[in-house]
Q: 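Quick one: the structure is below, and I'll ask about it shortly.
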Amino acid sequence: MACPVSSNMDMEFGPPAVAVVRSVPDSFDRCLRTGPHAPDPALARAQHEGYRAALAEAGVIVVTLPADEAAPDGCFVEDAAVIFGASAVITRPGAPERRGETAAVAAALAPRCALTEMPAPCRLDGGDVLRVGRTLLVGLSGRTDRAGLECLAAAAAEAGLVVRGVPVAAGLHLKSVVTFAAPGVAVAYGDGVDRAAIRALGLDVLAAPEPAGGNVLALGSRVLVSAAAPRTADMLATRGLTVVPLELSEIHRADGALTCLSLRLPRPGRWCA
Ligand code: CIR
């Protein structure tokens, strides 16, 4: 179902047509992480299955790439590309350990989008790119630098999109702490990102009460929310959204969340979160 547009847009928001995901490897317990507890790969795999099922229930075609044991963080496909619609950029991930993940993602996207590859020394993770209409807000984080932003901006301009930068003072990525929830509405956790930059996109910014509430995945009138953020879920439900809670404990242990587990391709003429 398409939803009304918000103010900076001349395209309608809607759920994605297709989501590309990648299975969780047995090596997931060797992922990059900042917390003390390694994730359990088997439980993470079950949670990943729940995520795929939630996408499918929302009418999204789910394309699942096989796990690669040499890529412990490979299930976080969002970081490997930025999709504009008919075209996409394959990123140069900010963490050197993750650069081997992009080839499989590029191969999966090649039949669906015209691809360009971000050259060295640019660094950019897709988790730092928040799309709202024709604007891409790019987080300047520990993973994404100014050169990555400028490289993305050049490719985005060809797709009719504009790029703006915003410093990320806390959190792994921009979308670790702020995401689009519904037309006109974003959720943000903490003060690591200047909310004026989000409001400048024409969005109201709702304060997420829990850290896991800063990353939700908007799928039309439905929104996926971590089960670790029940108050954020209630807040979004009072806005009339259909909230789908998902268990993600092992994904969070790897510093991941909802958006980073998929690459979403919009329906023709629409944009998606
Ligand atoms: C990493 O540190 O790169 C992974 N363990 C987590 C990546 C999460 N990706 C994302 O939020 N876009």
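One-based numbering along the sequence shown. Atoms within each ligand, like the ligands themselves, are counted from 1 in listed order.
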Q: When you group the ILVMFWY residues by side-chain heavy-atom contacts below 4.5 Å and let the links chain together, are I198 and V177 in the same group?
A: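 Shared cluster, yes.
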Q: Report the hydrophobic cluster partners of F28, with the cluster defined as I, L, V, M, F, W, Y residues connected by side-chain heavy atoms closer than 4.5 angstrom, directly or transitively.
A: V21, V24, Y51, L55, V60, V62, F76, L217, L219, L224, V244, L246, L248, I251, L258, L261
Q: Are V18 and L65 connected in a single hydrophobic cluster, I mean Ile/Leu/Val/Met/Phe/Trp/Tyr linked by side-chain heavy atoms less than 4.5 Å apart?
A: yes
Q: Out of E97, R143, E78, whose heavy atom sits nearest atom 2 (O) of ligand 1?
A: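 Among E97, R143, E78, the closest heavy atom to atom 2 (O) of ligand 1 comes from R143.
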Q: Please report whether ligand 1 has a polar contact with A254, defined as an N or O pair separated by less than 3.5 Å (distance criterion only).
A: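 Right, the criterion is met.
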Q: What is the nearest protein non-hydrogen atom to atom 12 (N) of ligand 1, stated with its residue, atom name and distance?
A: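 Checked against all protein heavy atoms, atom 12 (N) of ligand 1 sits closest to D79 OD1, 2.8 Å.
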Q: Below 4.0 angstrom from a heavy atom of D255, which ligand 1 atoms are there? Numbered from 1 as shown, please.
A: 6 (C), 8 (C)
Q: Which is closest to atom 7 (C) of ligand 1 by heavy-atom distance: E101, K175, R253, R98?
A: R98
Q: Can M118 be reached from F84 by stepping across I, L, V, M, F, W or Y side chains whose heavy atoms are under 4.5 Å apart?
A: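 Yes, F84 connects to M118 through the hydrophobic network.
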Q: Does even one non-hydrogen atom of D73 get within less than 4.0 Å of ligand 1?
A: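 Contact present.
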Q: Measuring from the heavy atoms of A257, does anything fall under 4.0 Å of ligand 1?
A: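 No heavy atom of A257 comes that close to ligand 1.
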Q: Counting each atom of ligand 1 from 1 as listed, which ones have a heavy atom of H173 under 4.0 Å away?
A: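 So the answer, numbered in order with elements, is 9 (N), 10 (C), 11 (O), 12 (N).
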Q: Does the side chain of T179 come under 3.5 Å of the side chain of N215 through a donor N or O and an acceptor N or O?
A: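 Note: T179 and N215 side chains miss the donor-acceptor criterion.
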Q: Taking all non-hydrogen atoms of both residues into account, name the closest pair between A38 and D29 and its distance.
A: CB-O, 3.7 Å
Q: Check V178 against A186 and note the closest heavy-atom contact, atom names and distance.
A: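 Scanning both residues completely, I find the closest heavy atoms to be CG2-CB, 4.4 Å.
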Q: Report the nearest protein non-hydrogen atom to atom 10 (C) of ligand 1: residue, atom name, distance rounded to 0.1 Å.
A: C260 CB, 3.0 Å
